[in-house]
Amino acid sequence: MGSLAAVDQPLPPLRYPPARRDGDIVDDYHGVLVPDPYRWMEELESEEVKEFVDAQAAVADAVLSTCGHRGRLREQLTALFDHPRYRAPFKRAGSYFYFHNAGLQPHSTLYVQNGLGGEPDVLLDPNTFSDDSTVSLAMVGVSDDGEHLAYGTSASGSDWVTIRVMRVRDRQHLRRDELSWVKFSRIAWTRDGKGFFYSRFPAPKHNGAVLGAGIKTSVNLNHEVYYHFLGTDQSEDVLCWEDPDHPKYIYTPEVSEDGKYVILSVAETSEPVNKLYYCDLSALPDGLQGMKGSHGMLPFVKLVDEFEAYYALTANDDTQFTFLTNKDAPRYKLSRVDINEPHIWMDVLPEDEKAVLESASAVHGDKLLVNYLSDVKYVLQMRSLVTGELLHDIPIDIGSVNGISGRRVDSEVFIDFASFLTPGIIYRCDVSKETPEMNIYREISVAGFDRTEFEAEQVFYPSKDGTKIPMFVVSKKNIVLDGSHPTLLYGYGGFGMNMTPHFSVPRIVLMRNLGFVSCIANIRGGGEYGEDWHRAGSLSNKQNCFDDFIAAGEFLVSAGYTNPDRLCIEGGSNGGLLVAACINQRPDLFGCALAHVGVMDMLRFHKFTIGRAWTCDFGCSENEEEFQWLIKYDTLQFSERRRILIFLSVTVRALLPQTPYLC
């Protein structure tokens, strides 16, 4: 189990299934004729597509069945995955709610306990939703009084969600409360516990008939916000907001902690900008109940009506609202506005000179727990919500803060932490004391894992244009840099997403048993250094992402970690595009490519599901200038011109059977 001999042996010739080419499909993009011979593969339900996919799977199965390591690695993976996992609890009234997985359960179970020392009890077990575990828990929302749980389920990985409601005390479902066609939503309870806001689309129809469940790639338009009263049919829900003049807008409702306002965040793409509307619920003459049966919508006031910046609610004191924003602050800041004077904004916590303000949570009255990212390392501080003044630094190891749970009515905060070599720690912080006290509430341990066998370091390497790029490198301790180590390099580089340290059982197994080096490159396009870093890898600058990732591979080879034959690159979604583009541009540098659910058709991605929201990072082929950016790295057209095969190396894929990846 200590070598990777199989990689050095050539695979037997593969009989790859032929793909029919349709020469009649040619698109005209601004005078440039572009053939699309595989358009027929967009018909996901066609028998021809299903047969082609089955034939592909048969090729992979034939090779995987010959891999001698596979069974033993599966045993190792199963053993290490079989450990209890917890998420940080959240408090409603006197009850604590948290997710727990005993080890090998497909889904984590939601527990509730009365008081911090109470006996935990199962509230909702998603493992019972379906026999084959394909129905998952997509969202939860507990009423402020802790009496009701609203939760959404999703089938077979679909974005479509069905919401149901149960009473917490007796686990009984409310018979009439089943909400369909929910998508891109949250559950936002009103303070009185009588109901909640949610977002949905009109039911998809074909020839006038409502479509059933199944694979859907059609574009979703005309998002709407509704309020649901407990104990009523969905048909009686109050339509709170719609905007037919802007069918591509996506709405996310949120109720302020004081219960007085509902805030509506309005987005059109995945770009970190949004409009901001609010409605004073206390000013409704007859409350939300008075809106039932009405044809009018809630009287939202447009506080920010331009897509100029991003705004997220941190707290409010009556009409004084504090927002996390990147308005004139690419590394983010906190700003305050009185909605009675909407044109006067004041910075409470100005933008830091270097660190990115990741989050700010109002806790225990007028305290503020802020979370910075500095050189891809988290920094926690307690500050004053009123003035922004630093009160205390809160020490934390190098790793990732995956969640902060606490409210202004609470005197405690829970912090969810993990790193490459720390499976997970949940800290409980008593913020009522003059100096906040951090104590371990729960620590996750993995039987058979010894962190002292490994080491993690951060390196910086130059990209093609000289920009310094950070990268984490994790391996066994004291490896010899002789270029012999199989290396797995992961990247994403898009939409301002941060790639921070996390614990990965598959990578631990690969490092311990097969001598792998595991790397994560924090390339441009991500948000590790704020919005400027993101924009430096998007739109016309997208090639910087590929250059950064290629430079990471070159560094790993030149520094003696590996050689091109043993260097594997991996990414999912936008990261799948990254991998495909890099294997096309530098096939000599990589011995293997794992491209999961990649955005590969850069000329047509915006025509399907929510793909239109990604044009903020990629551009759109309907715009002539942006078409010229996209055609240069479009993986389908690049491969068609160069006849380079983008492939998944079945040898290394055999080392990672049925394991989860970031997307």
Side-chain angles (χ1 to χ4, degrees), residues 42-46 126 129-130 134-141 149-166 173-189 195-254 262 264-270 277 288 291-298 300 605-614:
E42 294 177 1
E43 300 298 327
L44 301 183
E45 298 288 356
S46 78
F129 289 170
S130 62
T134 57
V135 178
S136 62
L137 187 61
M139 63 179 72
V140 297
L149 165 71
Y151 68 93
T153 59
S154 168
S156 303
S158 172
D159 288 330
W160 291 110
V161 171
T162 299
I163 295 177
R164 297 175 177 86
V165 182
M166 76 156 52
H173 282 83
L174 304 191
R175 184 176 56 84
R176 300 175 66 189
D177 301 68
E178 184 170 312
L179 315 181
S180 301
W181 302 115
V182 179
K183 199 174 192 180
F184 311 133
S185 179
R186 70 168 44 164
I187 296 167
W189 285 89
F196 52 85
F197 295 96
Y198 69 98
S199 309
R200 58 163 289 183
F201 287 100
K205 295 182 179 181
H206 181 68
N207 294 330
V210 175
L211 296 176
I215 298 174
K216 300 178 181 68
T217 58
S218 57
V219 171
N220 305 129
L221 299 173
N222 297 305
H223 211 217
E224 302 164 331
V225 179
Y226 283 85
Y227 184 81
H228 175 73
F229 286 94
L230 295 188
T232 64
D233 290 327
Q234 186 175 17
S235 60
E236 300 175 47
D237 289 354
V238 174
L239 176 60
C240 300
W241 187 258
E242 65 175 348
D243 188 353
D245 292 335
H246 299 95
K248 297 180 180 180
Y249 282 6
I250 299 293
Y251 305 104
T252 305
E254 177 181 5
V262 56
L264 200 60
S265 175
V266 185
E268 187 172 23
T269 70
S270 298
Y277 306 162
L288 285 165
M291 301 294 295
K292 294 190 71 172
S294 167
H295 295 291
M297 297 185 295
L298 290 185
F300 279 98
F605 71 88
H606 61 287
K607 296 179 178 290
F608 305 98
T609 62
I610 198 61
R612 67 177 188 275
W614 308 336

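No experiment lies behind these values; they were computed from the predicted model shown.
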Seminar exercise, completed: Sorted by chain and number, sequence neighbours left out, salt bridge (charged side-chain N to carboxylate O under 4.0 Å, His left out) with Asp159 holds for none
Seminar exercise, completed: Across all chains, not counting sequence neighbours, the ring pair (Phe, Tyr, Trp, His ring centres under 6.0 Å) partners of His228 are Phe196
Seminar exercise, completed: Across all chains, not counting sequence neighbours, the side chain to side chain donor-acceptor pair (under 3.5 Å) partners of Glu242 are none
Problem set entry | Sequence-distant partners of Glu268, side chain to side chain contact (heavy atoms under 4.5 Å, CB included), two or more places apart | Lys248, Tyr249, Phe307
Problem set entry | side chain to side chain contact (heavy atoms under 4.5 Å, CB included) partners for Ala267, two or more places apart | none
Seminar exercise, completed: With sequence neighbours left out, the residues meeting side chain to side chain donor-acceptor pair (under 3.5 Å) with Thr269 are none
Seminar exercise, completed: Taken in chain and number order and not counting sequence neighbours, the residues that satisfy ring pair (Phe, Tyr, Trp, His ring centres under 6.0 Å) with Phe229 are Tyr227
Exercise. Can you name the residues that form a side chain to side chain contact (heavy atoms under 4.5 Å, CB included) with Arg176, not counting sequence neighbours?
Worked result: Asp233, Glu236
For this session: Applying side chain to side chain donor-acceptor pair (under 3.5 Å), name anything that partners Asp243, two or more places apart in sequence or on another chain.
Result: His246
For this session: Applying salt bridge (charged side-chain N to carboxylate O under 4.0 Å, His left out), name anything that partners Arg612, two or more places apart in sequence or on another chain.
Result: none
Seminar exercise, completed: By side chain to side chain contact (heavy atoms under 4.5 Å, CB included), Thr153 pairs with (sequence neighbours left out) Phe129, Val135, Tyr151, Thr162, Arg164
Exercise. Under the salt bridge (charged side-chain N to carboxylate O under 4.0 Å, His left out) test, which residues partner Glu43, sequence neighbours left out?
Worked result: none
